[in-house]
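These figures come from a predicted structure and were not determined experimentally.
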Amino acid sequence: MTTRLRRLAALLLALALTLSATAFAAEDQRTAQRREDLDVLYSTLTEKHPDLFHRTPESAFLQKKAEIEAELPEMDDLTFAFALQSLVSLAGDSHTTLSLSLSETHLYPVALSQLAEGWVLTALPASEKACIGWTVERVNGMSMTTVEERLADIYSYDNMVRLRRQVQQGFAAAELLRYVGITEDMGPLAIEAAGPGGERRTITLPLLPEEQEQWPEMARLTPQGTPATAFQRRAYFSLDLGDAYYIQYNTCQEDPELPMEQFAAQVERDLGAKRYGKVLIDLRNNGGGSDGVLVPILMLLAPKIRAGETEVWGLVGESTFSSALINAAEIRELGGFLAGTPTGGSVDHFGSVSTFTLPNSGIRGQYSNKYLELGGLLESAAGIGVAPLQPDLYLPETTADRLAGRDTVVEAVLAQKVPYIPEIEGKRPLSRGRFVGMLREALGAGAESWDSGFEDLFPLSWFVPDVVWAEENGVVSGTGAGSFAPLRTITCQEAAVLVERALAAAGRTLPAVQEGPAPEGATAYAAEAVAAAFRQGLLPEGVSPQAELCRADGEAILARLSDALK
C-alpha cells in the first residue's frame, strides 16, 4: 500500500471513530435525560400523591422503574412514553396519568365500541363494509378479555368501565398494541368477528400508509338519522321534549357566553311556564370539571322533586366521569333517578388534580391531590366504594338503535308512563337522615325549608327539609358541635326516642296495644321511649334497643306508626 493510501485509510478510520464517539455521546446524553425524567416522575408521584401505594406495593413500583431504566438506551420516544405511563398506571387512579397523544402513532383502519352486544366494529375499510356492526370475538388470536388485560398494564383506571372506555379510544394505535404484546413488529391486525346471523369472518388489516391521501375509503356505523338529543359541542343547553324537559350538560364548567346563573334563570322560566312530568339531565358525555357549577339547577329542582311535581332523571354512561359522576350521585341524593349504563368514574376516588411537565421529554401529566370519599357525604353513595355508579334503569345502546339514530336511553325514560318506584333495598343500613325523612312523611307535618344549621348535612340531600323541621320542633338536637351525623346508622333506641318526640311535637298520642316488659338493654336516656314504643307495638320483634336498624326495619316501624295514626 502506498504512503498516500495509508494516510487516506488512517484519516477514514479516525473519522469513523470520531463519528462513533459523537453518536455514543449523544446516545448517552439521551439516556441520561430519560433517566432524569424517570426519576422526576417517580419522585413527583411519591411526594405529591396522597396514597400512591394504596393498590400496588412500593416494591412493585421500584421493580417496574428498574425494568424501565435498564431498557432506556434501546427505547424510541414513543416506547419511552408508554413505559412511563405503565409506571403511572400502577397507582390505580384514573385521575393520575400522563397526557399521551396517539397522533404520532401508526394506525390500523378500524374502530370499535362497547354496545349492548359487546365489542362491535364501528369502522373498517370500505372493502370490509359487510362486517360493520359485527361483534369482535378475537384479535390476533386473543379474546377481547385478554386484549383488555394487556392494555390494563398501561392505562390509568380504577374500574373496568373506565378501562374499556380507554381501550376503545386507543385500539387503532399500532405502537400501543405492539408495546403491550397484542401485535409483533407492527404486523397485521387479524380480527375474528361474528355477524348477527352467526356467520364468522377473519378480517386482516395492515397499517395505514404514511400519506393520508393513500388511506382507503372507510365505512362506518353511520346512523340513519340524528335525534334532537344528540351530543353537541356546547357546555349546556335545554330542549322541550313534550312531557319532558331535557338538559344536555357536557362539561362541569361555566359557558362564558351563557353563564350558569343566566341558564338556570332560563330553566326556571321554562319550568314555570309549563308543567313537565320529567326533567332529564344528560351527563353521558361529561368528563368533569367543577361539580358546583350544576348546583343552581339542582337546587331549583329540589322542591319540585319533594312536592312530587316532576321526576328528575340523570342520564349516565361510560364517559360520565369525575365531577359529572358527583353530580349524578347528587341527582339521586335529591330523590331523582339514573338511567343509562354504569359510569366511567368511581364513586369514591382520588381527584382534585395538579399538573406537571417532565424536564427533558416535555411529557405532561397530572396527579391527584386528595381522596374523595363520596360515600361519607351522600347517602346515595354510601357503601359503593371505588366502583361505578349503577343506574336505576340499565339501558345499553344496541347496534340497531345506533344504526337507526335512536337515543336508547331518552326514548326508554320517556316511555315510562307511570311514576318510577325504585326497589326498596331492605337490607341496607338505615341512616338517621332517612329515618327522620320517613318519620315526617308518616306524620305529614311541617313546612318546607332547606336552611339547616347542621354543618354536616349535605344541602342536596332529599331529607334536609325533614331534618330542619325536626330540629325546629325539638325532635332532634344533633350530636354536638353543630353536626347531626345524617349518614350514621340509627339504632333501635334512637328511633324510639325520635318517634316519641315527633308524636309530642305533632300533638298526637298512640294507644297501647300490648303489655309486658320492654326489651332490656336500653341506655338511660332512651329507656322510657323504648318502653313506650314497645307498648305501642312499634318496635321490630327480637331487635335489641342498641342494635342498628336496616331500611326494612324502618319501613316496618313507620308502617305501624301510620296505621296507628289513622
Side-chain angles (χ1 to χ4, degrees), residues 302-303 305-307 333-335 377 379 429-513 518-519 521-540 543-551 553-566:
I305 297 174
R306 287 277 304 186
E333 189 75 3
L334 277 173
L377 184 63
E379 188 193 38
L430 176 63
S431 72
R432 285 163 50 84
R434 177 170 289 272
F435 184 77
V436 171
M438 296 165 62
L439 178 58
R440 185 188 178 202
E441 181 181 1
L443 293 171
E448 295 291 307
S449 173
W450 292 80
D451 296 324
S452 168
F454 292 123
E455 296 178 359
D456 62 346
L457 191 61
F458 190 73
L460 293 176
S461 294
W462 64 271
F463 46 71
V464 167
D466 307 310
V467 176
V468 172
W469 167 83
E471 182 184 17
E472 291 176 347
N473 287 274
V475 179
V476 300
S477 57
T479 58
S483 64
F484 174 64
L487 302 189
R488 195 183 74 196
T489 304
I490 196 168
T491 63
C492 182
Q493 64 180 14
E494 283 180 306
V497 169
L498 295 186
V499 168
E500 181 183 44
R501 292 176 182 173
L503 287 170
R508 304 293 298 270
T509 57
L510 296 182
V513 297
T523 54
Y525 90 95
E528 184 176 335
V530 168
F534 171 75
R535 290 193 299 271
Q536 294 158 355
L538 300 180
L539 298 183
V543 176
S544 167
Q546 296 193 46
E548 294 183 338
L549 299 182
C550 65
R551 292 187 181 183
D553 294 327
E555 292 283 347
I557 291 174
L558 274 305
R560 296 182 188 122
L561 177 62
S562 296
D563 289 342
L565 290 171
K566 291 178 181 178

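- With sequence neighbours left out, the side-chain hydrogen bond (donor to acceptor under 3.5 Å, both in side chains) criterion links S483 to T479.
- Nearest heavy-atom pair, L457 versus F463, reported as atom, atom and distance to 0.1 Å: CD1-CE1, 3.8 Å.
- Sequence neighbours left out, the pairs with a member in residues 457-466 that pass salt bridge (charged side-chain N to carboxylate O under 4.0 Å, His left out) are R306-D466, R440-D466.
- Take D563 and apply the salt bridge (Lys or Arg N to Asp or Glu O under 4.0 Å) test, not counting sequence neighbours, and it matches K566.
- Using a 4.5 Å heavy-atom threshold, the side chains of I490 and L498 count as touching.
- You'll find the side chain of P486 stays beyond 4.5 Å of the side chain of V467, heavy atoms only.
- Contact between P303 and W450 at its shortest, heavy atoms only, is N-CZ2, 4.3 Å.
- Shown here are the salt bridge (Lys or Arg N to Asp or Glu O under 4.0 Å) partners of R488, two or more places apart in sequence or in another chain: E494.
- A pairwise comparison of heavy atoms in V530 and A522 identifies CG2-CB, 4.0 Å as the closest pair.
- Taking 4.5 Å as the limit, some side-chain heavy atom of L503 sits within range of a side-chain heavy atom of L565.
- Residues passing the ring pair (Phe, Tyr, Trp, His ring centres under 6.0 Å) test with F484, sequence neighbours excluded: F454.
- Applying the ring pair (Phe, Tyr, Trp, His ring centres under 6.0 Å) rule to F458 yields no partners; only residues at least two apart in sequence or on another chain are considered.
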**Prompt:** Between L430 and D553, does a side chain to side chain contact (heavy atoms under 4.5 Å, CB included) hold up when you go through it step by step?
**Reply:** CA-CA 8 Å; L430 176 63; D553 294 327; 5.6 Å; no
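- A pairwise comparison of heavy atoms in A495 and F435 identifies CB-CZ, 3.7 Å as the closest pair.
- Residues forming a side chain to side chain contact (heavy atoms under 4.5 Å, CB included) with A470 (at least two apart in sequence, or on another chain): V436, V475, V476.
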**Message:** Determine whether L439 and L561 satisfy the following criterion, side chain to side chain contact (heavy atoms under 4.5 Å, CB included), listing intermediate values before the conclusion.
**Reply:** CA-CA 9 Å; L439 178 58; L561 177 62; 3.6 Å; yes
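- Applying the ring-ring contact (aromatic ring centres under 6.0 Å, His included) rule to pairs touching residues 486-508 yields nothing, sequence neighbours excluded.
- In this structure A529 satisfies the side chain to side chain contact (heavy atoms under 4.5 Å, CB included) test together with A496, V497, E500, sequence neighbours excluded.
- Listed by chain and number, the residues in a side chain to side chain contact (heavy atoms under 4.5 Å, CB included) with P429 are T489 (sequence neighbours excluded).
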**Request:** Kindly indicate, with the supporting measurements, whether the criterion side chain to side chain contact (heavy atoms under 4.5 Å, CB included) is fulfilled by D451 and V464.
**Result:** CA-CA 8 Å; D451 296 324; V464 167; over 6 Å; no
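- With sequence neighbours excluded, the residues that form a side-chain hydrogen bond (donor to acceptor under 3.5 Å, both in side chains) with Q493 are T523.
- Taking every heavy atom of both residues into account, P540 and C492 meet most closely at CD-SG, 4.3 Å.
- Rounding to the nearest 0.5 Å places CD of E333 at 11.0 Å from CD1 of I305.
- Atom CZ in R560 sits 8.0 Å away from atom CG in L539 (nearest 0.5 Å).
- Contacts of R434 classified as salt bridge (Lys or Arg N to Asp or Glu O under 4.0 Å), with partners at least two apart in sequence or in another chain: E379.
- The distance from the CD atom of E548 to the OG atom of S431 is 11.5 Å, given to the nearest 0.5 Å.
- Under the 3.5 Å distance criterion, the side-chain polar atoms of Q546 are matched with a main-chain donor or acceptor of G521.
- Side chain of R432 to main chain of A485: a donor-acceptor pair is present (N/O by atom type, distance under 3.5 Å, no hydrogens or angles).
- From S461, atom OG reaches atom CG of L334 across 8.0 Å, with rounding to the nearest 0.5 Å.
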